[in-house]
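Below: one structure, written as structure tokens.
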Amino acid sequence: MILLVPRQTASNGWQIATPVMAVLATMVTGGLLFAIMGYDPVAAIRTIFWDPLFGPAASYSRPQLLIKAAPLILIASGLAIGFRAGIWNIGAEGQYIIGALTGAAVALALYPLEAWWLFPLMVLAGLAGGWAWGMIPAMLRNWFGASEILVSLMLVYVAQRVAAWMAFGPMRNPEGMGFPGSRNLQQYPSAANPELIAGTGAHWGVVAAALAVLATWVLMSRHIRGFHIRAAGTAPRAARFAGVSPTTLVAFCLGLSGALAGAAGLFEVAGPAGQVTDKLGTGYGFTAIIVAFLGRLHPVGILLAGLLLALTYIGGELAQLTMSLPAATVQVFQGMLLFFLLGFDVLTRFRIRRRLRA
Amino acid sequence: MTDIAVFRAEGIGKSYPGVRANDDVSFSVRAGEIHALLGENGAGKSTLVKMIYGLVRPDDGQMWLAGSLHAPADPRAARAAGVAMVFQHFSLFDALTVAENIALGMESPPPRRELSARITKVSHDFGLPLNPARRIVTLSAGERQRVEIIRCLLQDPRLLIMDEPTSVLTPQEAELLFATLRKLAAGGTAILYISHKLDEIRAHCDRATILRHGKVVDSCDPRAHSARDLAAMMVGGQMRVIDRSGRQAGEVLLQVTALSQPAPNAEGTALKDVALTLRAGEILGIGGVAGNGQEELLAALSGEVRSAPGSVVLEGTDLSAQGPEPRRVAGLLTAPEDRLGHAAVPDFSLTENTLLTAGARKGLVRRGMIDHGAARDYALAVIQGFDVRTPGPHVPARALSGGNLQKFVIGREVMQDPRVLVVNQPTWGVDAGAAAAVRQSLLDLARQGAGVIVISQDLDELLELSDRFCALNEGRLSPPVPTEGLTLDRIGLMLGGAHGMEEARP
């Protein structure tokens, strides 16, 4: 008989080992799945995890790594802060979309003005849009006790409808021959979020993601507010005793994670995506939840997990192209990753003991 | 009333690490008798009834129920033997109906219709009207207790144990409960009734067994004694010599006026027009039975709960709208009763736990940035200054024993040199050595000119420490009485809810 014995304190070794084990288990199970489906498992795993970086087409796919990882890391950095406090923002996808819309709106309203301050203003607008969308669940929770999980999640679908309306209505390109979608911001120099160093994929969003990792690390480990957030997550009464106001904390965490998601949306719409369409949301906001947990809610972990999840995106696409694996592969992989991570997490808080039946 | 002992205990003993909870306890409960078990908090009442109900096994001694040896392995065995118990806290599912809840607690519940009929019958027989189809969530506290009682009555118990049943009842509901207990006793059931409400026991109980420090100190007919006598038996007759040397009451530090707060939740207590004045160099003791507003008073003083303007004033500064942090900066520090999860974060190291309250006063946090070195130094200073037994400041709070963590928590506040320190249950569950150290630190603090409020259920502690004494009763604070010359029985009366303290004062 196997017994689970609680540990006095969470094991540090397992904290680091379980994400690695989760990745390995995902590879093995994914490989099995491919084998059952009739694909060569080794080739599939190699195509997903190895080829994007070192394969024959790596020169194309490598820059994609930073492009995909930047929004994931930026969003997950914000989410992780709330998760540490026990405040569950599940709607980063919606905040991402609204941030993209408000940021793009600034550029589209001022077109064709060229000025150095236009792009910074767009970033501010993106932050503000995401922040405002995040504050809706925050206020509803503070005023009426509504679950921020449900409200933030449902607001994703509202945001998607808003994006569709904008793409077909107010933001449609007047010179676009009636096609849905806004002007292409990449062709509007003051508003574009260009590749900063050719061939790397690094745009301003990558810079922002790096800054976010650094800033959240300082906040969580060096600043008293981060201390209060961590205290509130593990012992809410003690946090209140220390002087943390629960309502302020809810507003801070949802506002901050919303703002970062909004900024991620803006960098995407002004850069890789280029224009406002009804397909603005590509799931970064949801995948970032996996990134946050896989990264143990720690800034450095989030950095690594963001890169890994970006790899599954690119590798999945590559596998679709070269091996004609189904498009759902990426999602299956990401889902399995979270599943195994949560499963192995038992090991950080419990010891496994064997007991023989008498 | 017959003379047959339904239940008998002989030489029952039970030890926990560091505590002798019960020592050589012998008593018996006769059929048809309402038998009171009387004692202070920590006197060993709940340990004793837990053993009767099979939740805890005695170390020594034997129990008999209806003539046969009673050694239940678990509550189910105890129930099968005829013991039923109504706990202070109900275990009912809010979303289910009365009948469903009762069925859940039965070994083999009869068909629902039959059960409902039996519930209706029993509830009417005993004058406890209850509709079996009602959902628990719609019931008052008194009605919920009826569900628990009827659940017990359906078992036809020989011995019914009631743990402070009237603490959740209105006076009218309490009267109804006693009428029911009378009927039940008349039918031959033995009732063991736990309470520290002396008036209630004198009015309704046939006999009383009094426990103090785990031992039976007396057994009597409560009707033949005054509440004063019972209180004296409960707390022990002697007075201690208190050394208040070097302490001189100075200027007013803390002024609390007309402090009223609604109850924070269903189990909380509302504060009603609390007023107190605390002077420099003085220790004010606040006694009271648990759940009479202690936690709520501490929260209103710590700043966790804000109150009406002007209700909390420290040295002329109105702090009633301020949160905990500004109050600490002003010099008003507190230490809550619950060490793990309220006064300290269990998963955090002792170093990190200093940041919970000492950030501003000890310069551990500057412009929002944490100085980890300074925090560790302060944790070390507290560990050394208060003899906290731990491998070091990196150890998480949950790994410390209760007494050691309490020394750390009190030390963390005392060493911040507060103007006013408010502590709730400073030595609860702490071994004698640590308790003495904590008390000494509070005395020293007052000697240095700070004001100290000690909220406690330990009367000896309050008498040893405080210059003046108030009782907290259902959220009301009595006017203070000087501790000097105060006898324990008078304190017992103030706590037991026997009113008239005000009139009795000279």
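Below, chains carry the letters A, B, ... as their sequence lines are ordered, and counting in each starts from 1.
- Looking only at heavy-atom pairs under 4.5 Å with chain B, the residue among A:Ala242, A:Gly243, A:Ser221, A:Ala239 that has the most is A:Ala242.
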(message) Using side chain to side chain contact (heavy atoms under 4.5 Å, CB included), reason through A:Val218 and B:Met369 one step at a time and then give a plain yes or no.
(response) CA-CA 9 Å; A:Val218 170; B:Met369 299 307 281; 3.8 Å; yes
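- Within the 4.5 angstrom heavy-atom criterion, only side-chain atoms of B:Val365, from C-beta onward, approach chain A.
- With a 4.5 angstrom heavy-atom cutoff, A:Ser245 does not touch chain B via any of its atoms.
- Of the two parts of B:Ala344, only the backbone, made up of N, CA, C and O, holds a non-hydrogen atom closer than 4.5 Å to a non-hydrogen atom of chain A.
- Residues A:Thr234 and B:Asp347 come closest through the heavy atom pair OG1-OD2, 3.4 Å.
- Within 6.0 Å of the CZ atom in A:Arg84, the count of heavy atoms belonging to other residues, nucleotides or ligands exceeds 12.
- Interface summary for chain A: among B:Gly341, B:Pro346, B:Pro326, B:Gly303, the most heavy-atom pairs under 4.5 angstrom belong to B:Gly341.
- Taking B:Ala343, B:Pro336, B:Gly323 one by one and counting their heavy-atom pairs under 4.5 Å with chain A, the maximum is reached by B:Pro336.
- Residue contact with chain A, scored on non-hydrogen atoms closer than 4.5 Å, is absent for B:Asp371.
- Rounded to the nearest 0.5 Å, atoms CD1 (A:Ile224) and CD (B:Glu325) are 7.5 Å apart.
- Counting non-hydrogen atoms of neighbouring residues, nucleotides and ligands closer than 6.0 angstrom, the CH2 atom of A:Trp88 exceeds 12 such neighbours.
- Options B:Leu355, B:Leu364, B:Thr357 differ in how many heavy-atom pairs under 4.5 Å they form with chain A, and the most are formed by B:Leu355.
- Inter-residue side-chain proximity for B:His372 and A:Arg222 is flagged as met; some heavy-atom pair is nearer than 4.5 Å.
- For A:Phe344, the CZ atom counts as densely surrounded, since its 6.0 Å shell holds more than 12 non-hydrogen atoms of other residues, nucleotides or ligands.
- Under 4.0 Å is where a charged nitrogen must lie from a carboxylate oxygen, and between B:Glu352 and A:Arg230 at least one such pair does.
- Residue contact with chain A, scored on non-hydrogen atoms closer than 4.5 Å, is absent for B:Arg327.
- Side chains of A:Arg237 and B:Asp338 form a contact here, defined as non-hydrogen atoms less than 4.5 Å apart.
- With a 6.0 Å cutoff to the six-membered ring centre and a 45° limit on the axis angle, B:Arg412 does not count as a cation-pi contact of A:Phe241.
- Looking only at heavy-atom pairs under 4.5 Å with chain A, the residue among B:Ala299, B:Ser302, B:Pro324 that has the most is B:Pro324.
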